[in-house]
Structure formats: C-alpha cells, structure tokens
Amino acid sequence: MDINHSAFYKVLYSFLALCVGLSGFAQNWNQITKTTASDRNSNDWFGYSVSISGDYAIIGADQEDDDTSGINSMIDAGSAYIFERNVAGNWNEVQKIVASDRANFDFFGSSVSISGDYAVVGAFGEDDDIVGNNNMGYSGSAYIFERNSFGHWNQVQKIIASDRNANDRFGNSVSISGDYIAIGAFQEDDDPLGNNSRFNSGSVYIFERNRLGVWNQVQKVVASDRSGGDRFGTSVSISGNYSIIGAPEEDHDVLGANSMSDAGSAYIFERSATGVWNEVKKVVASDRATSDLLGYSVSISGDYSIIGAFSEDEDVSGSSTMNSAGASYIFERDSSGIWSEVQKIVASDRTQDDFFAFSVSISGIYAIVGAHAEDEDITGSNSLSLAGSAYIFKRNSSGIWNETQKIVASDRAIDDRFGWSTAISGNDAIAGAIYEDENNIGRVTRNNAGSAYIFKTNSTVGLIENNFRDEILLYPNPSVTDFSIDLGANYKSVNISITDLTGRLIQTKKYYNSQLLNVNLEASKGVYLLKIESDHKKAVVRLIRK
C-alpha cells in the first residue's frame, strides 16, 4: 500500500498538537491492592520496610519467626516477601525469603531495597561473620538475592562490614542502585582507618558488583565532621553516582557551629571517575531547630533528594507550631553540581504528633511522604487514632513540589500505622502498615500481623507507544533543552534515538545500568519523537522543544 508521507506526518503532527493542547492528565493515585503475607501471624510487622522497582516489590517483616516452609520457628529471625505484577497488572506474592543462617533476633527484613534483578535485605541483629563464626552480638549483616532466568530469587551472598564489631547494627538501612549497594551501620564507632573512635557516630559501607557478579566492599564512608551520637547511617539512599546519608542526631550546621541538639543533618556523596565516593555536601534545614531529627529518612533520585524531619514543629512559613507535626525538605542539584534546599514541604492538614516524614521516597517528578501517626481520612474527617496516612507530591514545570493527594488505606483502622514505610518508583507507590490486623479481604484477624498497600497513578506523559509494561515518566515536557525520563526500573542497556516528524535522525545515545535518563535536545522549537529501546522492549515518546 502506498503512503502519502507528507499527509501522514501532517495528520501525526495535528494529533500531537492536540495532545499538547490538553490541559494535563489524570493524577489520581488509586489503591490497586492490599498485600499481606501468605503465612501471616500476629506480631510479624509485615510492612516494616518496603521497596518497589518495576514489576517487583519487596516487603520486610522483621519480627516474623518461621522459615519458608513455615517451620523451624526462631523468635524475630525475620523474613521478606517478593511480590510480582503480572501482565494483567495484579500483584501476587511469588516468594518468601529468609537468611541462609537465620537465628533468633536477627531482625532480617528491618530494611529492604530492590533494583532490577537484585534485592538486598538488612538484618541488623545478626551476629556471625559470613562463615558463621566469630560471633559478635548485633554486629549486623545484609543478604543479597538475585532473580534467575526462571524468576526465582536466590540468596547469592551474605555481606558484612570489613571492620565489624558488636552493636554496630550494620544493615539497619540498605539501598541498591545498579552495581552499587550502600549499607548503614548507625552505631559503628570508628573512622575508615579504624581510628578516632566516636561512640555511635555511625558509618556507611559501599559495595560494588564486579564482572563475576561478586559484591565486594569498596569503601567505608563517614561524615567529615563526625561526632559521638550522630547516628550517621540511620538512613541511606543511592541513585547512580550519588548517595545521601542521614544523621538525625547530629547537632551542628554546615560550618560546624550553632549547635542544636539532635537538629539533624544529611550528607551527599558523589562517585568520582575513579570510583571513589567523596562527600560533596553536608545539608541541614534552613530553619533547623533542636530535636527536629532531620535525616531520619532520606531518598535521592536524579537531581533531587528529599530529607525527612518527622519531629519538626513549624509550617513552611516558620509559624503555626505543632509539636512533631513533621516536615520534609527538597534539595536540588544545579548545573554546577551544587546541592541546595529549594523547598520545605508539610502536610496540607498537618496536626500535632502526625510524624509526617517518618518515611520518604522520591522518584522522578513524584515523592511520597509517610505520616504513620496521622488520624484523619482524605476528607479530614472520620478520625481514627494512629491510623496513618501518606502524601503524594508532584514537581510541576516551574520546579515547585505540590501536594497532589493524601492517600490512606481502604480499610483503615485505629493504630494501623499506615505510612510507617513508603516507597515510590515511576507510577507505583507502596506504603506499609505494620500494626494492621486483617488479611487482604478484611478477615482472619491477627494482631499486628501487618500489611502493605500498593497504589498506582495513570499518566500518559507524552507516551505514544509503550511495551515496557511500566509507565514511563517524562519531565518537564515541554522543555527548553533538558528532559528527564524515568523508566520505572533499572535497565542494563538502553538505546535512545530522537527524530523530527519527517523521520530525520537528530541524535542517538546509549545508557548503561540506568533508570533515569537525562537528555539534552539542542534543536529548534517543535515536536520530536524519542524512541527508547532495551531488552526487546520499545517505547515512543513525544518531546516538545519550546
């Protein structure tokens, strides 16, 4: 069949112009499912930690007692559960995972993180080295799981700190991105050389996967101004070449002065061209105050990071004091590589002791903030003490983060603590409710068994064709030159090509181990087509160069 290409592109252009003219798109986040453990029991605390990436989610239950067969009970040994989204969009538990050397009070699942085919699980109460010897109480460890070609997740490695010691609590926080893992040990005492002991100053250990697939510790990092009791490593997040680490009980400003007890801080590290992670910025809140605990929660994605201070009292104007209402702070990296606070965010319906920002997560243009002690539903009524909630924020084309939705559990109840843990990736979000009692259909009560809720938003964001299965986020669009593309999961190899509407190739580029793609389009104003290809998946996205 002959095609009149001129007429075809004219029609295509008209269609795209119509799409550009549409005033926005659906932004509602809807609960897709409530998840519970297949072998749920009282006081498991399922949902203590959560992480989501692409079609997979991992949920920790650090006080669960049984092995994968439901036997060999060990008190608070801990476990984690892998959920997978099928082609129909339904999330199902596909595997329960436990440590190969599980023991009483290991608290496996106290922290979890998932990226691509790998997941890491922290067990801060674990005592033994990698061969099961040299017992040191609460030295801590972490376990790495890999998904094989059959979709089964296998433990491939147990990792510990090179300088492990009793009560370090290595594994209290974990984060994975591509070939790198960061593990917090917030009660560790020594500097990278094993000197200058500072009680509970805290540290973080960086592991890298080599060509043989083995994860090796490549660096121990500490704060440049470390002091006793800082608890550096309470929270950690890693994304590409950047990592952010929280120290909620740190006292000083960025100059080391103006001491305020437990005001809190966070530290941003960047990986150099030679593979060394260097501290590039210490950040504190612009309105820091005593006992704010900034850095209790942190998350980083691309050029943005969010830092929680759940004990902070004031609104964005510094007034309307409410004890422990909570706040979060957004930091942005500019074109010179400098990280600066650009916004303080609070809940639209903030009240005393909500603990807003007890958990935080950021991905592309979205952020989620948990407030597990909040009481009201989305209309501000039907108060249920400590039911918990979470808030979705979205960055607009002007760079302002606005609250777009408050989310709560469909079956919220007193003392569920929804929002204890939160994670967001692309168009998917998850929130844990550790004290929730019922199964996923509201029956079979088990006190404090715990649950987690998965939410999704529908957003086209310029998509014309997509078989990546996950929604792809493109922002800002339109843009002058710079676009960011969130694929929703980490891909080993990604090819992009940009053409104009006549099919003329403008540019091509290849990315490795990437979820977030930064594209610079140096071209005249108009509409362009961006093709993304990876692992036999393809998407076509409309770019508007203004």
Side-chain angles (χ1 to χ4, degrees), residues 111 169 172-173 175 182 184-188 198-204 221-237 243-269 279-300 304-316 318 321-332 339-347 350 352-362 367 369-373 420-422:
S111 57
R169 303 206 176 210
N172 67 268
S173 59
S175 184
F186 75 121
Q187 292 189 176
E188 209 274 334
R198 301 284 187 271
F199 182 70
N200 289 352
S201 55
S203 63
V204 167
V221 298
V222 298
S224 55
D225 59 349
R226 57 191 288 273
S227 279
D230 284 350
R231 296 185 182 265
F232 173 93
T234 294
S235 56
V236 63
S237 178
S243 180
I244 185 169
I245 300 166
E249 297 185 37
E250 208 273 334
D251 301 333
H252 302 100
D253 64 15
V254 295
L255 300 176
N258 298 317
S259 180
M260 296 179 179
S261 179
D262 298 341
S265 62
Y267 299 79
I268 298 175
F269 287 76
E279 181 187 318
V280 292
K281 190 71 178 286
K282 174 185 179 178
V283 295
V284 299
S286 54
D287 59 349
R288 59 190 289 272
T290 298
S291 300
D292 278 352
L293 298 176
L294 178 88
Y296 185 85
S297 55
V298 299
S299 183
I300 191 168
Y304 291 89
S305 62
I306 183 170
I307 307 172
F310 75 85
S311 192
E312 210 272 338
D313 303 330
E314 280 77 41
D315 64 13
V316 294
T321 298
M322 297 179 180
N323 184 58
S324 295
S328 287
Y329 299 81
I330 304 288
F331 287 77
E332 180 182 3
W339 292 85
S340 303
E341 181 188 321
V342 293
Q343 197 172 340
K344 176 182 180 179
I345 58 177
V346 298
R350 59 190 288 274
Q352 179 174 309
D353 297 322
D354 280 350
F355 288 3
F356 174 91
F358 188 85
S359 61
V360 299
S361 182
I362 192 169
V369 182
H372 70 77
W420 180 277
S421 56
T422 55

Just how far is it from atom [atom1] of [X] to atom [atom2] of [Y], taken to the nearest 0.5 Å?
{"X": "Asp225", "Y": "Tyr267", "atom1": "CG", "atom2": "OH", "answer": "3.5 Å"}
{"X": "Asp262", "Y": "Asp251", "atom1": "CG", "atom2": "CG", "answer": "6.0 Å"}
{"X": "Ile268", "Y": "Ser243", "atom1": "CD1", "atom2": "OG", "answer": "9.5 Å"}
{"X": "Phe199", "Y": "Asp230", "atom1": "CZ", "atom2": "CG", "answer": "12.5 Å"}
{"X": "Lys282", "Y": "Ile245", "atom1": "NZ", "atom2": "CD1", "answer": "13.5 Å"}

Minimum-distance pair of heavy atoms, taken over all atoms of [X] and [Y]:
{"X": "Val360", "Y": "Ser328", "value": "CG1-OG, 3.6 Å"}
{"X": "Val284", "Y": "Ser265", "value": "CG1-CB, 3.8 Å"}
{"X": "Phe356", "Y": "Ile345", "value": "CE2-O, 3.5 Å"}
{"X": "Ala357", "Y": "Ser297", "value": "O-OG, 2.7 Å"}
{"X": "Arg198", "Y": "Ser227", "value": "CB-C, 4.0 Å"}
{"X": "Ser359", "Y": "Thr422", "value": "OG-OG1, 3.0 Å"}

Within the side chain of [X], is there an N or O that forms a donor-acceptor pair under 3.5 Å with the backbone of [Y]?
{"X": "Ser311", "Y": "Ser291", "result": "yes"}
{"X": "Ser173", "Y": "Gly233", "result": "yes"}
{"X": "Ser201", "Y": "Gly228", "result": "no"}
{"X": "Ser203", "Y": "Val222", "result": "no"}

(message) Walk me through whether Asp315 and Arg350 qualify under side chain to side chain contact (heavy atoms under 4.5 Å, CB included).
(response) CA-CA 8 Å; Asp315 64 13; Arg350 59 190 288 274; 3.6 Å; yes

Side-chain contact, heavy-atom cut-off 4.5 Å: [X] with [Y]?
{"X": "Val254", "Y": "Val283", "result": "no"}
{"X": "Phe331", "Y": "Val298", "result": "no"}
{"X": "Asp253", "Y": "Arg288", "result": "yes"}
{"X": "Glu249", "Y": "Thr234", "result": "no"}
{"X": "Val236", "Y": "Phe269", "result": "no"}
{"X": "Glu250", "Y": "Phe232", "result": "no"}

From CA spacing to verdict: side chain to side chain contact (heavy atoms under 4.5 Å, CB included), Asn172, Gln187: CA-CA 9 Å; Asn172 67 268; Gln187 292 189 176; over 6 Å; no

Item to complete: Take Ile300 and Trp339 through the test side chain to side chain contact (heavy atoms under 4.5 Å, CB included) and record every step on the way to the result.
Response: CA-CA 12 Å; Ile300 191 168; Trp339 292 85; 3.8 Å; yes

(request) Only counting residues at least two apart or in another chain, list the ones meeting side-chain contact (heavy atoms from CB on, under 4.5 Å) with Ser340. (result)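 Listed in chain order: Ile338.
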
Check: Are Lys344 and Glu314 within salt-bridge range, i.e. N to O under 4.0 Å?
Finding: no

request  = In sequence, state the C-alpha distance, the side-chain angles, and the governing distance for Asp292 and Met260, and then conclude on side chain to side chain contact (heavy atoms under 4.5 Å, CB included).
outcome  = CA-CA 9 Å; Asp292 278 352; Met260 296 179 179; over 6 Å; no

Practice item. Look at the aromatic rings of Phe358 and His372 and report parallel, tilted or perpendicular, splitting at 30° and 60°. Key: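 Answer is perpendicular, since the angle exceeds 60°.
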
